[in-house]
Structure formats: C-alpha cells, structure tokens
Amino acid sequence: DGGITQSPKYLFRKEGQNVTLSCEQNLNHDAMYWYRQDPGQGLRLIYYSQIVNDFQKGDIAEGYSVSREKKESFPLTVTSAQKNPTAFYLCASSAQEVQPQHFGDGTRLSIL
Amino acid sequence: GQSLEQPSEVTAVEGAIVQINCTYQTSGFYGLSWYQQHDGGAPTFLSYNALDGLEETGRFSSFLSRSDSYGYLLLQELQMKDSASYFCAVRDDAGNNRKLIWGLGTSLAVNP
C-alpha cells in the first residue's frame, strides 16, 4: 500500500545537537511538506517542496533545514539554532493540486 | 491577510448532529478541505469542496458557499470515536507558491 513513512517515532535531542527527521513517500507525489504542531495547537508550515531539488520556506523556517534530492524523500534537520524544538513534527505529501494532503504518523521530538 | 476562523471547541452527545463552521479570507480560492485528527495521531483527509453546495460522504457532509467565504462540516449520528480535532484548510496560491492555509482546529468532544 502507498503511504508516507516518518522515522523515528520518538526522538530526543541534546543541547547543541542537530537531529534529522526522515520522511519517505511512495505515492509518487511531487509536493512534500513539513509541519510543526505544539500541544493543543494547529499546524504550522516549516518548509515545503513542490518538485525535486526545489523547496521554499514556510512560516517558521528559522532553525530548520531541508533537502529534496529525491522525489520520495524530504528529510528535515532540526538545528541547534532552533531553541524550542520540542514538538510533534508531521510530514505530508500531495499531488500538484495541493489538496488533499496525506500525512505520516509523525515524530515526537523532545529535549534531554 | 489570509486567514481561516473556526470555533475552538464544540461539545455534543452520542447520536446527535453537530456543525463546525469555517470562514476564510484569501486572495484567491481553489477549494476548502477538512481534516480529522485524533489525539496523538496524524491528520486524515475528510472532504473537499471546490464548488458551492453540499458534499456527502457517509455520516459526514461538507458545505461551501463561495459568495459568503464560508463552509461547514456536518457530522451526523455522532459516535464516541468522532471525538477529535477538525481542521479546515484552503489552498494558498499567492505568488508562485502552492501550499495550504490551516485553521487552528475545532476540538469536538462527544459525550455519552
């Protein structure tokens, strides 16, 4: 079955450390997205990519970086510059029409 | 600016009908979609309206009025498993970027 796989499910970061969250899709979608969700809050867009080798900043890109070297993969790096990284991170993909978006199961990042 | 408004909380009882409203303000409009998210889970796509009128999918229906910049999600024969957060979203095509703008979500509590 096609879908989106995020790993790991839980991740812990030490102070000053960069961590990378994985997102892989086999839906053959061109567009991929990274969202951050804080408890009881909505979805905030971090970065998105409409095509391979291209990506754009979302609303809260500071302290994050991405790459899109393959259509199937859109990893997110949470850098040490992100001072409040504890959150639920969701990856999504869509066809060029943007809707609907299909989500992975998410990664919960916490600070040690 | 571009924004969506929806109520933060709604409470109902099993077997009842509930309507979750969403008003939007966007520069362009390419359709309104609805997503469901259970606690700790990922959002899942429920419905999409590009044209005025009612779309029905089982117990869930979604309505759109483009002249009023308004839509709603109607949930019938409520069940306990419908307790979740519901998000409305519209496509934002400002400039050359294609992404979704999200409402802050409506938390639905279904009581026995």
Side-chain angles (χ1 to χ4, degrees), chain A residues 1-7 9-10 21 23 25 27 29-51 54-61 66 74 87-110, chain B residues 1-9 20 22 24 26 28-51 55 57 60 62 64 71 73 84-109:
Chain A
D1 287 340
I4 300 178
T5 300
Q6 289 188 242
S7 62
K9 191 173 180 68
Y10 298 95
L21 284 60
C23 178
Q25 56 102 356
L27 298 167
H29 284 162
D30 287 313
M32 297 186 75
Y33 313 81
W34 273 106
Y35 294 95
R36 169 180 172 142
Q37 188 173 35
D38 294 285
Q41 302 297 312
L43 301 174
R44 292 190 289 169
L45 184 64
I46 304 172
Y47 269 99
Y48 64 109
S49 168
Q50 295 175 121
I51 199 168
D54 187 48
F55 49 83
Q56 291 82 36
K57 292 182 178 180
D59 302 316
I60 55 165
V66 294
F74 191 41
F88 187 41
Y89 290 88
L90 288 157
C91 178
S93 72
S94 74
Q96 283 295 333
E97 292 73 26
V98 184
Q99 309 190 73
Q101 292 190 0
H102 301 262
F103 286 81
D105 289 336
T107 294
R108 292 196 180 279
L109 176 62
S110 301
Chain B
Q2 302 181 89
S3 64
L4 292 91
E5 289 189 13
Q6 53 182 127
S8 59
E9 295 180 353
I20 300 173
C22 176
Y24 59 86
T26 58
F29 182 75
Y30 299 89
L32 177 71
S33 54
W34 290 92
Y35 292 78
Q36 178 192 59
Q37 185 182 30
H38 286 99
D39 272 351
T44 56
F45 172 74
L46 289 177
S47 68
Y48 173 71
N49 295 68
L51 302 175
E55 295 281 344
T57 308
F60 294 2
S62 56
L64 176 66
L73 180 68
S85 292
Y86 294 85
F87 295 89
C88 57
V90 295
R91 177 174 149 180
D92 171 20
D93 273 22
N96 194 32
N97 299 318
R98 288 180 285 182
K99 57 183 180 177
L100 287 184
I101 302 173
W102 295 82
L104 294 180
T106 298
S107 177
L108 171 63

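Keep in mind that what you see is a predicted model, and the values were worked out from it rather than measured.
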Checklist entry - For A:Arg108, which residues count as a salt bridge (Lys or Arg N to Asp or Glu O under 4.0 Å) partner, sequence neighbours excluded? => result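 Applying salt bridge (Lys or Arg N to Asp or Glu O under 4.0 Å) to A:Arg108 gives none.
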Item to check | Check: A:Ser94 side chain, A:Gln99 main-chain N or O, donor-acceptor pair, under 3.5 Å | outcome: no
Checklist entry - Which of the residues B:Gly41, B:Ser33, B:Ala89, B:Pro43 is involved in the greatest number of heavy-atom pairs with chain A at under 4.5 angstrom? => result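 Of the candidates given, the most pairs with chain A belong to B:Pro43.
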Item to check | Top of B:Gly103, B:Gly40, B:Ser47 for chain A proximity - count of heavy-atom pairs under 4.5 angstrom | outcome: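 Of the candidates given, the most pairs with chain A belong to B:Gly40.
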Next on the checklist: Does any backbone or side-chain atom of B:Tyr30 lie under 4.5 Å from a heavy atom of chain A? Answer side chain, backbone, both or neither.
Outcome noted: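 The answer is the backbone of B:Tyr30.
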Next on the checklist: Report which part of B:Leu4 has an atom under 4.5 Å of a heavy atom belonging to chain A: side chain, backbone, both, or neither.
Outcome noted: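 No part of B:Leu4 comes within 4.5 Å of chain A.
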Next on the checklist: Shorter than 4.5 Å, heavy atoms on both sides: which option in A:His102, A:Gln37, A:Gln41 has the most such pairs with chain B?
Outcome noted: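 The candidate making the most pairs under 4.5 Å is A:Gln37.
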Next on the checklist: Less than 4.5 Å apart, side chain to side chain, heavy atoms only: is that true for B:Cys88 and B:Tyr24?
Outcome noted: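 A side-chain contact is absent here, since even the closest heavy-atom pair is not under 4.5 Å.
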Item to check | Results of side chain to side chain donor-acceptor pair (under 3.5 Å) for B:Ser85 - residues two or more places apart only | outcome: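 Scan of B:Ser85 (side chain to side chain donor-acceptor pair (under 3.5 Å), adjacent residues dropped) gives none.
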Next on the checklist: Parallel, tilted or perpendicular, judged at 30° and 60°: which one describes the rings of B:Tyr35 and B:Trp102?
Outcome noted: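 Geometry flag for B:Trp102 against B:Tyr35: tilted rings.
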Checklist entry - Heavy-atom distance under 4.5 Å to chain B: side chain of A:Gln101, backbone, both or neither? => result both
